[in-house]
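First comes the structure, then the notes that go with it.
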Amino acid sequence: MNMRSVIGVTVLLMGVVACGGKSTPEQAAPAAAAAQAPTLAEKDTASAPAGAPALDIAGLKACEIVTPQEAATIIGGKLLNEPPAGFSNCGYVVEVGGTTESYRISFAAPAMYAAMLEAQSDAERGTPVAGLWDEAYVHPRAMGGGYSLVALQHDRLGLEVWGDRQEPLLELARLAVSRVP
């Protein structure tokens with residue numbers, strides 16, 4: 001699968017998640033996983049911690065897991081928006097030194113991220129980040145600049161954090177991972 005296709009599928013699925021849809025990401029994730037070779041499902045099952053149940057993504061409220069004020073403090077600026085609460089994703093817009101920076105935390109079905117990572121080469125995944133669940137990678141975003149981090153807890157949960165600067169993005173991801181049950 002070429003990088004353009006992976007980006008297109010990822011953008012489409014993340015757009016659905018960002019709109020607060022509940023059923024579509026869960027329905028799309030199994031379809032994405034089914035499109036992959038059977039080894040993907042075997043790999044995810046084999047690497048999952050024994051007895052770790054999948055999480056109810058709709059029950060994760062990203063703006064409660066990392067509050068807007070905590071995000072502004074980590075990013076080092078003044079919060080410019082009050083993101084709507086109650087969704088599995090949260091966007092933070094912050095003024096930093098006279099410029100505007102944007103960050104987003106989004107939780108999704110793990111199969112979607114597992115399929116994406118399986119389809120990517122090592123270079124496309126980016127730089128591995130230790131200590132964030134089973135596997136995590138950070139890389140520069142292809143469009144719009146900034147960075148994207150994907151963390152995967154096999155068969156339980158996927159996390160993506162987007163942002164303008166890498167260091168605050170990593171800190172937001174660490175805080176989110178530390179607070180997920």
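Because only heavy atoms are used, hydrogens play no part in the values below, and waters and symmetry mates are left out as well, while side chains stay in. For clarity, every value in this text was computed on a predicted model and none was experimentally measured. Nothing fancy with the numbering, it's 1 onward along the sequence.
The nearest pair of heavy atoms linking Gln120 to Glu124 is CA-OE1, 3.2 Å. The two residues Asn81 and Pro83 make their nearest non-hydrogen contact at O-CD, 3.5 Å. Shown here for Glu160 and Ser148, the closest heavy-atom pair between the two residues is OE2-OG, 2.7 Å.
No side-chain heavy atom of Lys61 sits under 4.5 Å from any side-chain heavy atom of Ser88. The closest side-chain heavy-atom distance from Val129 to Tyr137 is not below 4.5 Å. Considering only heavy atoms from C-beta on, Arg174 comes within 4.5 Å of Leu132 through its side chain. Trp133 has its side chain within reach of Val177: a pair of non-hydrogen atoms, C-beta onward, lies under 4.5 Å apart. Ile65 is listed as a side-chain neighbour of Leu60, based on a closest heavy-atom distance under 4.5 Å. Under the 4.5 Å side-chain criterion, counting only non-hydrogen atoms from C-beta, Leu149 is not in contact with Trp162. The shortest side-chain heavy-atom distance between Leu152 and Asp134 does not fall under the 4.5 Å cut-off. Looking at heavy atoms from C-beta onward, Pro110 lies out of side-chain contact with Arg156 at the 4.5 angstrom threshold.
The OH atom of Tyr92 lies 5.0 Å from the SG atom of Cys63; values are rounded to the nearest 0.5 Å. Interatomic distance, Asp122 CG to Thr127 OG1, rounded to the nearest 0.5 Å: 11.0 Å. Remark: Leu175 CG to Leu170 CG distance equals 12.5 Å, nearest 0.5 Å. Remark: Ile74 CD1 to Gln69 CD distance equals 11.5 Å, nearest 0.5 Å. Summarising the geometry, atom OH belonging to Tyr113 is positioned 9.5 Å from atom CZ belonging to Phe107; distances are rounded to the nearest 0.5 Å. Here the straight-line distance linking atom OH of Tyr103 with atom CG of Asp164 works out to 5.0 Å at 0.5 Å rounding.
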Q: Mind running side-chain contact (heavy atoms from CB on, under 4.5 Å) on Glu101 and Arg165 for me, showing each step along the way?
A: CA-CA 8 Å; Glu101 294 186 6; Arg165 290 181 291 130; 2.9 Å; yes
Q) How far apart are the C-alpha atoms of Val94 and Thr100, what are their side-chain angles, what is the distance that settles it, and do they pass the side-chain contact (heavy atoms from CB on, under 4.5 Å) test? A) CA-CA 6 Å; Val94 178; Thr100 302; over 6 Å; no
Q | From CA spacing to verdict: side-chain contact (heavy atoms from CB on, under 4.5 Å), Arg104, Val161 | A | CA-CA 6 Å; Arg104 176 177 295 279; Val161 182; over 6 Å; no
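Counting only N and O atoms by type, the side chains of Thr73 and Glu70 include no donor and acceptor under 3.5 Å apart. Under 3.5 Å, the side chains of His154 and Glu135 contain a donor-acceptor pair of N or O atoms.
Cluster membership check: Leu172 does not share its hydrophobic cluster with Val93, using side-chain heavy-atom separations under 4.5 Å among Ile, Leu, Val, Met, Phe, Trp and Tyr.
When atom types are taken as modelled, the side chain of Thr99 and the backbone of Val96 share a donor-acceptor pair closer than 3.5 angstrom.
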